[in-house]
Amino acid sequence: MHYSGFWRRLTAGLIDHILAYGIVGIILSLLKMPVFSCQTGYNCIHAVNAGVNNGWFNNVHVNWSGWLIVSAWLYFSFFESSKYQATPGMMLLSMRIEDYQKKRISFWRATGRFFASYLSSLFLCIGYIMIAFTPRKQGLHDYIAKTLVVTVK
């Protein structure tokens, strides 16, 4: 078995984040919802003047970061627990996720892995950097979810 290394996983992650957040941005644009919102003050005034808050959300503050988190959670958890065991970025680079028994992970384990990835981002992304130095190329989120990312042929 060949474990997928840091650079391969980073590349797949970048592809997936562009896809996941790009899809949400397109959907929000089609619904004419502002992708970015502002609290108060100077930057908010310029955002309104630039047309960011046009339409039926004109004077309403809406925080879309919640939509981004939910969409990313569904994107990653759905694909990682699917019959392909991989996100589109991982499929492109011939990788898949499995548990320690080489089986497909459940949606709920993929969910735990997704939210554990936020822990991997803390403290200068040490949880991700671990991938380069651990025997089975696991990040902190992989250890927490008891998963492996392997290269398939």
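Keep in mind that this is a model prediction, so the values were computed, not measured.
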What pairs of donor and acceptor atoms, side-chain ones from residues 118-133 against any protein atom, are under 3.5 angstrom apart with sequence neighbours left out?
from	atom 1	to	atom 2	distance (Å)
Ser120	OG	His141	N	3.2
Ser120	OG	His141	ND1	2.8
Ser121	OG	Ser117	O	3.3
Tyr128	OH	Ser117	O	3.4

Heavy-atom closest pair, residues Ala12 and Met95: CB-CE, 3.3 Å

Residue list, ring pair (Phe, Tyr, Trp, His ring centres under 6.0 Å) with His2, at least two apart or on another chain: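 For His2 there are no ring pair (Phe, Tyr, Trp, His ring centres under 6.0 Å) partners, ignoring immediate neighbours.
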
His17 ring center within less than 6.0 Å of Phe76 ring center: yes

When clusters are formed by joining ILVMFWY residues with side-chain heavy atoms under 4.5 Å apart, either directly or through shared neighbours, do [X] and [Y] land in the same one?
{"X": "Val149", "Y": "Phe6", "result": "no"}
{"X": "Leu140", "Y": "Tyr3", "result": "yes"}
{"X": "Leu93", "Y": "Ile18", "result": "no"}
{"X": "Tyr75", "Y": "Leu14", "result": "no"}
{"X": "Tyr84", "Y": "Phe79", "result": "yes"}

[atom1]/[X] to [atom2]/[Y] distance, rounded to the nearest 0.5 angstrom?
{"X": "Thr147", "Y": "Arg136", "atom1": "OG1", "atom2": "CZ", "value": "10.0 Å"}
{"X": "Met91", "Y": "Ile15", "atom1": "CE", "atom2": "CD1", "value": "11.5 Å"}
{"X": "Phe114", "Y": "Phe107", "atom1": "CZ", "atom2": "CZ", "value": "10.5 Å"}
{"X": "Arg104", "Y": "Ser81", "atom1": "CZ", "atom2": "OG", "value": "7.0 Å"}

Any side-chain donor near an acceptor of the partner, Ser4 and Thr151, under 3.5 Å: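 Present: a donor and an acceptor within the cut-off.
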
Minimum side-chain heavy-atom gap Trp73-Phe115 below 4.5 Å: yes

Contact check, side chains of Pro88 and Leu19, non-hydrogen atoms, under 4.5 Å: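 They are in contact (side-chain heavy atoms under 4.5 Å apart), so the answer is yes.
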
Verdict with supporting geometry, Ile105 and Gln85, side-chain contact (heavy atoms from CB on, under 4.5 Å): CA-CA 8 Å; Ile105 63 172; Gln85 297 175 252; over 6 Å; no

Whether Gln138 side chain and Leu148 backbone form a donor-acceptor pair below 3.5 Å: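 Checking the backbone N and O of Leu148 against the side chain of Gln138, no donor-acceptor pair under 3.5 Å is found.
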
Check: Leu74 main-chain N/O paired with Ser77 side-chain donor or acceptor under 3.5 Å: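 Not a single qualifying donor-acceptor pair exists.
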
Set of residues satisfying salt bridge (Lys or Arg N to Asp or Glu O under 4.0 Å) with respect to Arg113, sequence neighbours excluded: Glu80, Asp142

